[in-house]
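I have placed the structure first, in the form of structure tokens, so that the comments after it can refer back to it.
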Amino acid sequence: MVSDLFPVGDWIRHHSLRSPPVILFLLLIIVPSIALVVLGSPTKTTFDVAAWLFAAYFALAWLLLLGVIIRPEHVTRPMLLVLVVVALVTQVPLALALEQALHSSSAALGTSIITIGLPEELAKAIPIVVIALIYRRSHGLLPRDYLFLGAVSGLAPKTSQIGRAHV
């Protein structure tokens, strides 16, 4: 029976499935579908808006998921705010400057790793170094805290890179 395979009534009545994290997770699942329906047939303008929205959406979704998986103990909201601001200010301009200086090319794998991948990864490390210098003594950051901060550092400029791709 279908009700045995999908006991929707039991799912709705169960208290753990009505918790805020589960509701947020479900919203994160259905928002892209709703957004696609609302946007309708894409034009260049709506596609650009959709790209920005989806980039921000997936960055937030990954941030929440990584926070649950990694469970950083000493990372605070002000620390995340500093990291995101430093990432947005430094990563995209630095990566662009390095890629231009190295004459970036995606024609061959080895060339693209050296001229695109390495500059972007080096740019992602800067906010983590800044956080380490500011907070290392006062918060006693653990390796898993740095792991989470590194993931956030990689997610923060994604919306800027989407914008760069359309320029």
Side-chain angles (χ1 to χ4, degrees), residues 11 14-36 48-102 104 106 109-167:
W11 293 342
H14 199 275
H15 64 82
S16 66
L17 296 177
R18 290 189 311 246
S19 67
V22 172
I23 291 171
L24 180 61
F25 178 73
L26 292 174
L27 286 173
L28 288 172
I29 290 172
I30 62 172
V31 164
S33 302
I34 293 170
L36 288 174
D48 287 345
V49 170
W52 282 95
L53 291 173
F54 277 106
Y57 165 80
F58 282 108
L60 177 64
W62 274 109
L63 176 67
L64 293 171
L65 180 65
L66 290 170
V68 169
I69 292 171
I70 298 172
R71 298 200 186 275
E73 290 182 38
H74 302 100
V75 175
T76 62
R77 286 190 179 113
M79 190 183 299
L80 285 176
L81 182 65
V82 169
L83 180 97
V84 168
V85 168
V86 171
L88 291 174
V89 169
T90 62
Q91 286 182 5
V92 173
L94 181 60
L96 281 174
L98 286 172
E99 287 173 15
Q100 287 176 350
L102 294 171
S104 66
S106 59
L109 178 63
T111 307
S112 64
I113 289 171
I114 293 168
T115 62
I116 298 170
L118 288 177
E120 288 186 6
E121 295 306 317
L122 288 172
K124 288 178 193 176
I126 290 172
I128 300 165
V129 171
V130 169
I131 292 295
L133 292 173
I134 294 172
Y135 292 104
R136 71 174 177 225
R137 294 182 196 257
S138 63
H139 283 75
L141 296 172
L142 299 172
R144 83 169 114 187
D145 298 325
Y146 285 112
L147 176 67
F148 181 71
L149 291 170
V152 172
S153 178
L155 292 173
K158 289 303 178 195
T159 55
S160 298
Q161 289 176 352
I162 293 292
R164 181 180 82 181
H166 292 290
V167 173

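Just so you know, these numbers use all the heavy atoms, side chains as well, and skip hydrogens, waters and symmetry mates. All figures in this text were calculated on a predicted structure; none of them were measured in a lab.
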Identify the two heavy atoms, one from [X] and one from [Y], that lie closest to each other, and give their separation to 0.1 Å.
X: Ser138; Y: Ile134; value: OG-O, 4.4 Å
X: Ser153; Y: Pro127; value: OG-CG, 3.6 Å
X: Tyr146; Y: Ala132; value: OH-CB, 3.7 Å
X: Ile131; Y: Val82; value: CD1-CG1, 3.7 Å
X: Gln91; Y: Lys124; value: NE2-CA, 3.3 Å
X: Ile114; Y: Leu118; value: O-CB, 3.8 Å

Can you confirm whether Ile69 sits close enough to Phe148 that some side-chain heavy atom of one is under 4.5 Å from a side-chain heavy atom of the other?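 When only atoms from C-beta onward are counted, Phe148 and Ile69 do not touch, as no gap falls below 4.5 Å.
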Less than 4.5 Å apart, any side-chain heavy atom of Asp145 and any of Ile70?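 No, every pair of side-chain atoms sits at 4.5 Å or beyond.
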Give me each pair satisfying salt bridge (Lys or Arg N to Asp or Glu O under 4.0 Å) with a member in residues 49-60, each pair once, sequence neighbours excluded.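 Listed once each, the pairs would be none.
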Which pairs with one or both residues in residues 61-75 pass salt bridge (Lys or Arg N to Asp or Glu O under 4.0 Å), sequence neighbours excluded?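 Pairs touching residues 61-75 that pass the test: Glu73-Arg144.
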For Met79 and Thr76, what are the C-alpha separation, side-chain angles and deciding distance, and is it a side-chain contact (heavy atoms from CB on, under 4.5 Å)? CA-CA 5 Å; Met79 190 183 299; Thr76 62; 3.3 Å; yes
Among Val85, Val86, Leu83, find the one that has a side chain to side chain contact (heavy atoms under 4.5 Å, CB included) with Val130.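 Answer after filtering Val85, Val86, Leu83: Val86.
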